[in-house]
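All values derive from a computational prediction rather than experimental measurement.
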Amino acid sequence: MSAAGTTGDAATLQRFHSAVNSGSPEVVFQAVDELVAPDVLFHAPVPMGLTGAEALKRVWGVLLRAFPDIHVTVEETISEGDRIVVRNTVTGTHRGEYQGVPPTGRTVSYGEIFIFRFAGGRIVEVRGVVDVLSLLRQLGALPS
């Protein structure tokens, strides 16, 4: 892939992260429609019964209801070919139900790593590893 393609993919990913940090489901859903292929292959540790971009929208809908101030800080990125790997720190305040846990008002911070694959300027595949265990422990749903 050319440097221009890699630069464009990085800009696409930056736009996506800006949208998810907006706190607005509408902004996130619009970004998914614009930046993500409708048939995106989405592999993440969240069972939803949906596929494609709709699965991604569902995940962000759940997260924004549970953590309205959610913020994703990109700590590192690695780009190679048509892929960008990001290591993130996610923070937020638990204000809505999450995975059966009623709102606690607790602030959480957890890590995640995602691999994004691009084609034609859009995200076509997402693979994620999220420290859900740490998140649930911070919410008091699991023992420390």
Side-chain angles (χ1 to χ4, degrees), residues 1-48 50-99 101 104-144:
M1 172 171 278
S2 71
T6 301
T7 301
D9 295 342
T12 296
L13 191 55
Q14 184 176 10
R15 286 181 55 209
F16 182 74
H17 279 122
S18 292
V20 301
N21 285 333
S22 72
S24 167
E26 294 79 17
V27 170
V28 173
F29 297 165
Q30 181 178 352
V32 169
D33 288 340
E34 292 175 8
L35 306 174
V36 177
D39 59 348
V40 64
L41 298 173
F42 181 54
H43 316 278
V46 284
M48 298 159 290
L50 293 174
T51 59
E54 291 308 311
L56 197 55
K57 288 179 184 179
R58 170 80 54 91
V59 167
W60 279 104
V62 167
L63 287 172
L64 287 165
R65 280 190 300 278
F67 306 96
D69 62 344
I70 197 166
H71 185 82
V72 178
T73 301
V74 177
E75 305 290 354
E76 301 183 71
T77 62
I78 300 170
S79 299
E80 185 171 324
D82 62 353
R83 289 174 172 79
I84 298 177
V85 179
V86 293
R87 182 180 63 82
N88 301 323
T89 299
V90 181
T91 56
T93 309
H94 186 214
R95 302 268 185 229
E97 182 272 331
Y98 179 74
Q99 305 235 348
V101 179
T104 63
R106 294 179 181 174
T107 300
V108 298
S109 178
Y110 61 93
E112 61 184 17
I113 298 173
F114 279 91
I115 303 169
F116 295 89
R117 185 170 62 86
F118 295 82
R122 297 182 93 180
I123 299 167
V124 296
E125 186 171 12
V126 180
R127 292 186 179 274
V129 178
V130 178
D131 189 357
V132 177
L133 180 62
S134 175
L135 170 59
L136 292 173
R137 282 183 171 157
Q138 292 174 64
L139 296 179
L142 297 174
S144 296

D39 side chain to G52 main-chain N or O, any donor-acceptor pair under 3.5 Å?
no
Closest approach of A55 to F42 (non-hydrogen atoms, all atoms of both residues)
CB-CD2, 3.8 Å
Flag side-chain contact, heavy atom, 4.5 Å: F16 against L56:
yes
Please find the pair of heavy atoms, one from V28 and one from S22, that lie closest to each other, and give the distance.
CG2-OG, 4.4 Å
Distance col, row F114:CZ vs H43:NE2, nearest 0.5 angstrom, shows 11.5 Å
Which heavy atom of E97 sits nearest a heavy atom of Q99, and at what distance?
OE2-N, 3.1 Å
T91 and H71: side-chain hydrogen bond (donor to acceptor under 3.5 Å, both in side chains), yes or no, with the steps?
CA-CA 5 Å; T91 56; H71 185 82; 6.0 Å; no
Carefully, step by step, assess I70 and L64 under the rule side-chain contact (heavy atoms from CB on, under 4.5 Å).
CA-CA 7 Å; I70 197 166; L64 287 165; 3.7 Å; yes
Between A37 and V124, which heavy-atom pair has the shortest distance, and what is it?
CB-CG1, 3.9 Å
Is any side-chain heavy atom of S109 closer than 4.5 Å to one of T89?
yes
Between the side chains of E54 and K57, is the shortest nitrogen-to-carboxylate-oxygen separation below 4.0 Å, so that they form an ion pair?
yes
For E76, is there any backbone N or O sitting under 3.5 Å from a side-chain donor or acceptor partner on R87?
no
L13 CG to F116 CZ distance, which is reported to the nearest 0.5 Å
5.0 Å
Any side-chain heavy-atom pair from I84 and I78 closer than 4.5 angstrom?
no
Distance in Å, S18 OG paired with L35 CG, rounded so as to fall on 0.5 Å steps
10.0 Å
V130 vs Y110, test: side-chain contact (heavy atoms from CB on, under 4.5 Å). Steps then yes/no.
CA-CA 8 Å; V130 178; Y110 61 93; 3.6 Å; yes
What distance separates W60 CH2 from F29 CZ, expressed to the nearest 0.5 Å?
11.0 Å
Value rounded to 0.5 Å, distance of CG in L41 from CD1 in I123
12.5 Å
Have a look at E112 and tell me which of V129, N88, D131 forms a side chain to side chain contact (heavy atoms under 4.5 Å, CB included) with it.
N88
Quick one: does L133's side chain get under 4.5 Å of R137's, heavy atoms only?
yes
Is it the case that the side chain of H94 and the backbone of T104 share a donor-acceptor pair, with hydrogens and angles ignored and the cut-off at 3.5 Å?
yes
Rounded to the nearest 0.5 Å, what separates atom CD in E125 from atom CG in D82?
9.0 Å
Stepwise, does the side-chain contact (heavy atoms from CB on, under 4.5 Å) test hold for V85 with T77?
CA-CA 5 Å; V85 179; T77 62; over 6 Å; no
R106 and L139: which non-hydrogen atoms are nearest, and at how many Å?
NH1-C, 3.0 Å
Can a donor-acceptor pair be found, under 3.5 Å and without considering hydrogens, that links the side chain of Q138 to the backbone of S134?
yes
How close do Y98 and A66 get, counting heavy atoms only, and between which atoms?
CB-CB, 3.7 Å
Using a strict cut-off of less than 4.0 Å between a Lys/Arg side-chain nitrogen and an Asp/Glu carboxylate oxygen, indicate whether R122 and E34 qualify as a salt bridge.
no
Are any side-chain N or O atoms of R65 and backbone N or O atoms of G96, one a donor and one an acceptor, separated by less than 3.5 Å?
no
